[in-house]
S.K.: 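To start, I am sharing the structure in question, which I have written as structure tokens.
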Number of protein chains: 2
Amino acid sequence: MHASIVGQLKVCLSYRTIQDTVILLFNPLSIDLVHSYTEENYIKTIFKLSANGTQEVNTNAIAEALETRAASVTDMLRKLSAKQLVNYVKYKGVSLTQEGEQVALQVIRKHRLWEVFLLEKLKFSWDEVHEVAEELEHVNSPLLIQRLDEYLGYPKFDPHGDPIPSESGQMMVKKQRLLAELEIAEGGVVVGVNDSQPLFLQYLNKVGISLGSRIRVVDKMAYDHSLEIVLEEEKSLLLSSEVSRNIFLSA
Amino acid sequence: MHASIVGQLKVCLSYRTIQDTVILLFNPLSIDLVHSYTEENYIKTIFKLSANGTQEVNTNAIAEALETRAASVTDMLRKLSAKQLVNYVKYKGVSLTQEGEQVALQVIRKHRLWEVFLLEKLKFSWDEVHEVAEELEHVNSPLLIQRLDEYLGYPKFDPHGDPIPSESGQMMVKKQRLLAELEIAEGGVVVGVNDSQPLFLQYLNKVGISLGSRIRVVDKMAYDHSLEIVLEEEKSLLLSSEVSRNIFLSA
DNA sequence: ATTTATTTTTAGGCTAGCCTAAACCAGAAA
DNA sequence: TTTCTGGTTTAGGCTAGCCTAAAAATAAAT
């Protein structure tokens, strides 16, 4: 059988031959084509937007997140829909198909593994990591990611405390609570952040909060919802409501 | 002064201000714009083609190397010429400008550093390295490359024995001779290969030749220019002329 | 129910990078 | 010198991804 046809067999469930004609029976969910840099970014964005909040994502939200225009988003949604990566109904918003979700999870896996590498091996700081990982996540080589994962010791969480999906798209779920939701006298260990912008991470660095820091709430100001906390049972700090809504503690 | 203007100052020699109007005086050689994935590949290819042999590179050679058509090459040469990266005269071939050469050297630097990383840290084999590095070389982050270089211990040569250009574009030059050019009883240490195709590297692996192997020529067959050699003073081998023209030994 | 405001889509156009087919140039051969 | 031949360029066209402006659909407000 011709090599290029044999190459396709691994993505199809079965095949039959009738007089020299090969009939391929595809399982649409198992076709893992390579997607463009741009397509990957759209899918990742849709995943993130549907994760925190509503089910259906609307066009403007995507446009804003990707710093592009609504018309461009519509174009791409029609393309992704044709590729069966999203469920798209005109004027009604969009959601990922199962296959689209797998694509998103693999991009996120690559992104987070590179973040771990940059931080642990190349000594990048918490806030320098994101931008570079944003480029590296689109390098396409399953072998590379597999070896990188091994080299890093199969980490389950990235430097921001976010879980790293496995090769098959599974993620650890961490029981976590927003610092802002704790009552007086409650406490916990910092396991993640809700905002990865450099400015926020630099702020945390400055006040001495990092993954693993132990925090206890001492007082809550009813006026502006700011919090008085104790860090590592020794340093007292006042955190704004803004900040306390962006730190996750172990539950 | 406005931030976006200040951002440009680092690439210009000087500036003067006349009634609120800033005049930037550029040194055309110092402008290091970001070039597209495709542009980088053309420049790298021109560099490689002009390195081994003639000065002026012709259109068809580039087309063949990049697996594209001559017409597409012409398009790109006009574009690169407008950007001052190449000296291009219609029908007369093309060569890199000083700036173009710097771009080429930086791409090669990135490529070879990633090759070292893949081989030494991620345990890739000699022949798996190239393809992935071909993608990684276009990731654009000076900080990343600087840290990677540091992490790898500032290597001067890549896994194929080729020199790694420095940040300023300097390369070590190794005195080396082709195995094919040695006389009977001469010998040396393998310092590089002249062909990085997987098939050739897999062949070397199989017969046990790698960087650092010690080789001595025992006999040369006048008929087909094949060579009888001794490897590590213990194993006798017969190498074809083809193979002996693709192995470099220390001089 | 109708009007108004907002969101989304279509229509048409742009650039980068690629293609084929046809025209063009340069250097070798006659 | 002229002719031939092969390499090179132009002309015109394609897709991906982006844009603006205008039209259409939905949601909100009267």
Side-chain angles (χ1 to χ4, degrees), chain A residues 33-46 49-50 53-96 100 103-104 107 134-135 137-140, chain B residues 33-46 49-50 53-96 100 103-104 107 134-135 137-140:
Chain A
L33 292 167
V34 176
H35 306 288
S36 77
Y37 190 106
T38 313
E39 288 169 337
E40 284 191 347
N41 272 337
Y42 272 92
I43 291 170
K44 189 182 64 169
T45 301
I46 295 167
L49 289 174
S50 59
T54 45
Q55 201 59 27
E56 302 293 308
V57 179
N58 50 325
T59 306
N60 269 348
I62 300 171
E64 196 188 349
L66 287 172
E67 295 182 64
T68 182
R69 299 314 178 107
S72 310
V73 174
T74 302
D75 282 353
M76 182 57 85
L77 293 185
R78 296 211 293 126
K79 191 179 160 197
L80 294 176
S81 184
K83 279 189 160 192
Q84 313 250 39
L85 294 166
V86 299
N87 305 115
Y88 170 55
V89 184
K90 264 174 30 166
Y91 295 104
K92 296 291 181 186
V94 69
S95 63
L96 293 178
V103 173
V107 175
E134 205 67 21
E135 278 204 57
E137 76 188 7
H138 300 291
V139 172
N140 188 41
Chain B
L33 293 167
V34 177
H35 306 289
S36 76
Y37 190 106
T38 313
E39 287 169 338
E40 284 190 347
N41 272 337
Y42 271 93
I43 292 170
K44 189 183 63 168
T45 301
I46 295 167
L49 290 174
S50 59
T54 46
Q55 202 57 29
E56 303 292 309
V57 179
N58 49 326
T59 307
N60 267 349
I62 299 171
E64 197 187 347
L66 287 172
E67 295 182 65
T68 181
R69 299 314 178 108
S72 311
V73 175
T74 302
D75 281 352
M76 182 56 86
L77 293 185
R78 295 210 293 126
K79 190 180 161 196
L80 294 176
S81 184
K83 279 189 161 191
Q84 313 250 39
L85 293 167
V86 300
N87 306 115
Y88 171 55
V89 184
K90 263 175 28 168
Y91 295 104
K92 297 289 181 186
V94 70
S95 63
L96 292 178
V103 173
V107 175
E134 205 68 21
E135 277 204 59
E137 75 188 7
H138 300 291
V139 172
N140 189 42

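Within every chain, numbering begins at 1; the chains are lettered A, B, ... in the order of the sequence lines, protein sequences first and strands thereafter.
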S.K.: Passes side-chain contact (heavy atoms from CB on, under 4.5 Å), B:M76 versus B:L80? Steps please.
M.R.: CA-CA 6 Å; B:M76 182 56 86; B:L80 294 176; 4.0 Å; yes
S.K.: Heavy-atom contacts under 4.0 Å between residues 62-75 of chain B and DNA chain C, which residues?
M.R.: B:T68, B:R69, B:A71, B:S72, B:D75
S.K.: Could you give all pairs that pass the salt bridge (Lys or Arg N to Asp or Glu O under 4.0 Å) test and reach residues 82-96 of chain A, with sequence neighbours left out?
M.R.: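 Counting only pairs at least two positions apart or across chains, the salt bridge (Lys or Arg N to Asp or Glu O under 4.0 Å) contacts touching residues 82-96 of chain A are A:E39-A:K83.
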S.K.: In whole angstrom, what separates A:R78's CZ from D:dA16's C1'?
M.R.: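 Going from A:R78 (CZ) to D:dA16 (C1'), I get 14 Å.
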S.K.: Indicate, with a heavy-atom threshold strictly under 4.0 Å, whether B:Y37 touches base, sugar-phosphate, or nothing.
M.R.: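 The residue B:Y37 makes no contact with any strand.
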S.K.: Measure the distance from CD on A:E39 to C1' on D:dT15 and round it to the nearest whole Å.
M.R.: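 That distance rounds to 12 Å.
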S.K.: Might you point out which heavy atoms bring A:I43 and A:G100 nearest each other, and give the distance in Å?
M.R.: CG2-O, 3.4 Å
S.K.: Looking at D:dA24, I'd like to know if its phosphate oxygens (OP1 or OP2) sit under 4.0 Å from a side-chain N or O belonging to A:K90.
M.R.: no
S.K.: Answer yes or no: does a side-chain N or O of B:S36 lie under 4.0 Å from OP1 or OP2 of C:dA16?
M.R.: no
S.K.: Any protein N or O atoms within reach of nucleotides 23-25 of chain C? Criterion: under 3.5 Å, listing atom names and distances.
M.R.:
none

S.K.: For B:V89 and for A:M76, find the nucleotide of DNA chain D with the closest heavy atom, then tell me which residue's nucleotide is more 5'.
M.R.: B:V89
S.K.: Do you see a donor-acceptor pair shorter than 3.5 Å between the side chains of B:N41 and B:H138?
M.R.: yes
S.K.: Provide, to the nearest angstrom, the distance between the NZ atom belonging to A:K92 and the C1' atom belonging to C:dT7.
M.R.: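 Interatomic distance, NZ of A:K92 to C1' of C:dT7: 12 Å.
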S.K.: Do the side-chain N or O atoms of B:N60 get closer than 4.0 angstrom to the phosphate oxygens (OP1, OP2) of D:dT8?
M.R.: yes
S.K.: Below 4.0 angstrom from OP1 or OP2 of D:dC18, is there any side-chain N or O of A:Y42?
M.R.: yes
S.K.: Verify side-chain contact (heavy atoms from CB on, under 4.5 Å) between B:L96 and B:L85, making sure each step is shown before the conclusion.
M.R.: CA-CA 6 Å; B:L96 292 178; B:L85 293 167; 5.8 Å; no
S.K.: Looking at CG of B:L66 and OH of B:Y42, how far apart are the two atoms once the value is rounded to the nearest 0.5 Å?
M.R.: 5.5 Å
S.K.: Applying side-chain contact (heavy atoms from CB on, under 4.5 Å), run through A:N58 and A:L49 and close with a yes or a no.
M.R.: CA-CA 9 Å; A:N58 50 325; A:L49 289 174; over 6 Å; no
S.K.: Could you walk me through whether B:E135 and B:Y37 satisfy the side-chain contact (heavy atoms from CB on, under 4.5 Å) test, starting with their C-alpha distance in whole Å, then the side-chain angles of each, then the deciding distance to 0.1 Å, before giving a yes or no?
M.R.: CA-CA 9 Å; B:E135 277 204 59; B:Y37 190 106; 4.1 Å; yes
S.K.: Using OP1 and OP2 only, check whether a side-chain N or O of A:N58 sits under 4.0 Å from C:dT8.
M.R.: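 Result: yes.
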